[in-house]
Amino acid sequence: MAMPTIKQVRAYTVRGGGADYHDQGAEHWIDNHIATPMARYPEYRASRQSFGINVLGTLVVEIEASDGTVGFSVTTGGELGCFIVEKHLARFLEGQCVTAIEKMWDQMYFATLYYGRKGIVINTISGVDLALWDLLAKVRREPVHALLGGPVRDELQFYATGARPDLAKDMGFIGGKLPLHHGPAEGEEGLRKNLAELATMRERVGPDFWLMLDCWMSLDLNYATRLAQGAHEHGLKWIEEALPPDDYWGYAALRRQVPPGMLVTTGEHEATRWGFRLLLEQGCCDIIQPDVGWCGGITELIKISALADAHGALVVPHGSSVYSYHFVITRHNSPFAEFLMMAPQADRVVPMFNPLLLDEPVPVNGRMKASVLDQPGFGVRLNPDCALHRPYTH
Ligand SMILES: C[C@H](O)[C@H](O)[C@@H](O)[C@@H](O)C(=O)O
Ligand SMILES: [Mg+2]
């Protein structure tokens with residue numbers, strides 16, 4: 001059967017939740033005094049939105065084929081992403097056969113090398129790549145995981161990220177990842193508060209439930225080391241993204257200094273096989289956490305994951321809904337997945353990219369059967385009630 005070609009690429013923004021999941025209303029746990037690198041400025045300490053964590057907004061990429069099939073994806077990128085898609089990347093896509101995914105990725109990456117390599121440009125390339133995989137899988141009438149070699153297990157299991165690991169345990173999740181609330185700028189008192197919070201949560205969840213701390217790039221090596229040492233008695237399973245992403249040397253030192261048995265994880269703000277090669281070869285972490293909507297897409301995550309597997313490292317993608325579930329279920333070195341609790345009080349399960357996607361699957365009792373992911377493509381639809389805006393055309 002002759003495979004269709006790409007007829008048109010369109011890029012939209014949408015506000016309010018969605019893929020830019022930090023773009024939430026007030027009183028949400030995800031913006032409640034969470035430690036960040038900006039916390040050294042008191043005026044930016046109480047809210048990450050105050051320094052602009054949600055300025056980008058969601059990027060929606062739609063790719064229409066000559067047979068009328070439409071693939072799409074959502075990621076973090078907003079209007080900047082729309083410009084890059086419409087004014088730069090579209091030329092490498094329109095007219096191409098829907099199967100030419102490797103070639104299109106290669107052209108998008110090397111054509112933007114002079115201003116890309118990480119951040120918004122790789123987020124945008126990731127969004128295009130995810131839409132291409134959605135399109136190809138829909139043309140072949142298969143779920144994306146079938147194009148990746150198929151499931152290696154019958155179901156996914158999840159840990160939950162949010163303010164209430166105690167509630168997550170009752171919901172059947174295998175662990176709970178807390179956001180760290182206080183950074184070095186709040187001194188010894190802040191460190192004591194961090195450890196007291198962890199101690200309280202350990203009391204509530206008992207001795208065996210996984211507890212992790214997500215430090216969102218906010219610490220320095222000495223503080224991270226002391227936090228890890230203090231957290232050890234409370235059974236901290238891993239310390240996540242303790243340092244800024246460029247401090248490969250700091251991560252390597254931290255990994256040598258944390259108490260034996262504690263895992264060091266990072267990677268959600270890293271991009272491409274080259275960035276993850278640095279993390280792996282410098283011995284920075286035990287688990288890499290690429291976000292498939294930010295690291296280069298499925299095409300790049302395949303390369304990153306194979307490299308990690310050769311290094312004996314686990315790949316547990318940063319929460320990215322169906323886009324990571326279809327990958328995780330096909331890889332032995334991805335034994336579990338992340339689920340971000342997007343309910344404001346982290347007290348109930350709601351779809352991660354709420355309200356943007358229809359049919360977005362969520363864990364039930366902390367698990368998701370492979371059969372839930374058997375619809376063509378990534379198995380989701382855009383919610384027609386979410387107003388899309390197309391700021392640029394080409
Ligand atoms: C909970 C963290 O502060 C971030 O908001 C979260 O998006 C990310 O770091 C994660 O690992 O889920
Ligand atoms: Mg994180």
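Just so you know, ligand 1 is whichever comes first in the structure, and atom 1 is the first atom listed for that ligand. Note that these values count all heavy atoms, side chains included, but never hydrogens, waters or copies made by symmetry.
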Trainee: Which atoms of ligand 1 sit under 4.0 Å from any heavy atom of Y21?
Mentor: 6 (C), 7 (O)

Trainee: Short question: side chain of S305, backbone of L301 - any donor-acceptor pair under 3.5 Å?
Mentor: no

Trainee: Considering non-hydrogen atoms of the protein only, which is the closest contact for atom 3 (O) of ligand 1, and what is the distance?
Mentor: R48 NH1, 2.9 Å

Trainee: For E338, take its heavy atoms, then give the atoms of ligand 1 lying under 4.0 Å from any of them.
Mentor: 10 (C), 11 (O), 12 (O)

Trainee: If you measure from the Lys or Arg side-chain nitrogens to the Asp or Glu carboxylate oxygens, is any gap between R273 and E300 under 4.0 Å?
Mentor: yes

Trainee: Which ligand 1 atoms are under 4.0 Å away from a heavy-atom of L340?
Mentor: 12 (O)

Trainee: Is the closest basic N to carboxylate O distance between K193 and E189 below 4.0 Å?
Mentor: yes

Trainee: Among the N, O or S atoms of E268, which one sits nearest to the Mg ion (ligand 2)?
Mentor: OE1

Trainee: Quick test of your reading of the model: are R10 and E64 salt-bridged, counting only N-O distances below 4.0 Å?
Mentor: yes

Trainee: Among the N/O/S atoms of D214, which is closest to the Mg ion (ligand 2)? Give the atom name.
Mentor: OD2

Trainee: For T161, counting its heavy atoms only, list the atoms of ligand 1 lying under 4.0 Å from any of them.
Mentor: 1 (C), 12 (O)

Trainee: With a heavy-atom distance limit of 4.0 Å, tell me whether H181 approaches ligand 1 through its side chain, its backbone, both, or neither.
Mentor: neither

Trainee: Under 4.0 Å from any heavy atom of K177, which atoms of ligand 1 are there?
Mentor: 10 (C), 11 (O), 12 (O)

Trainee: Taking R153 for its side chain and R331 for its backbone only, find out whether a donor-acceptor pair lies under 3.5 Å.
Mentor: yes

Trainee: Same cluster or not: Y323 versus L358, using hydrophobic residues (I, L, V, M, F, W, Y) connected whenever any side-chain heavy atoms lie under 4.5 Å apart?
Mentor: no

Trainee: Within the 4.0 Å heavy-atom shell around W216, which atoms of ligand 1 are there?
Mentor: 3 (O), 4 (C), 9 (O)

Trainee: Atoms of ligand 1 less than 4.0 Å from I30 heavy atoms?
Mentor: 5 (O)

Trainee: Compute the ring centroids of Y115 and H88, then answer whether they are less than 6.0 Å apart.
Mentor: yes

Trainee: For F83 together with Y392, are the ring centres under 6.0 Å from each other?
Mentor: yes

Trainee: Could you pull out, from E241, M341, H22, the option with a heavy atom nearest to atom 4 (C) of ligand 1?
Mentor: H22

Trainee: Please say whether E240 places an N or O atom under 3.5 Å from an N or O atom belonging to ligand 1.
Mentor: yes

Trainee: Would E240 count as a contact for the Mg ion (ligand 2), in the sense that one of its N, O or S atoms lies under 2.8 Å from it?
Mentor: yes

Trainee: Do H269 and W216 make the cut of ring centroids closer than 6.0 angstrom?
Mentor: yes

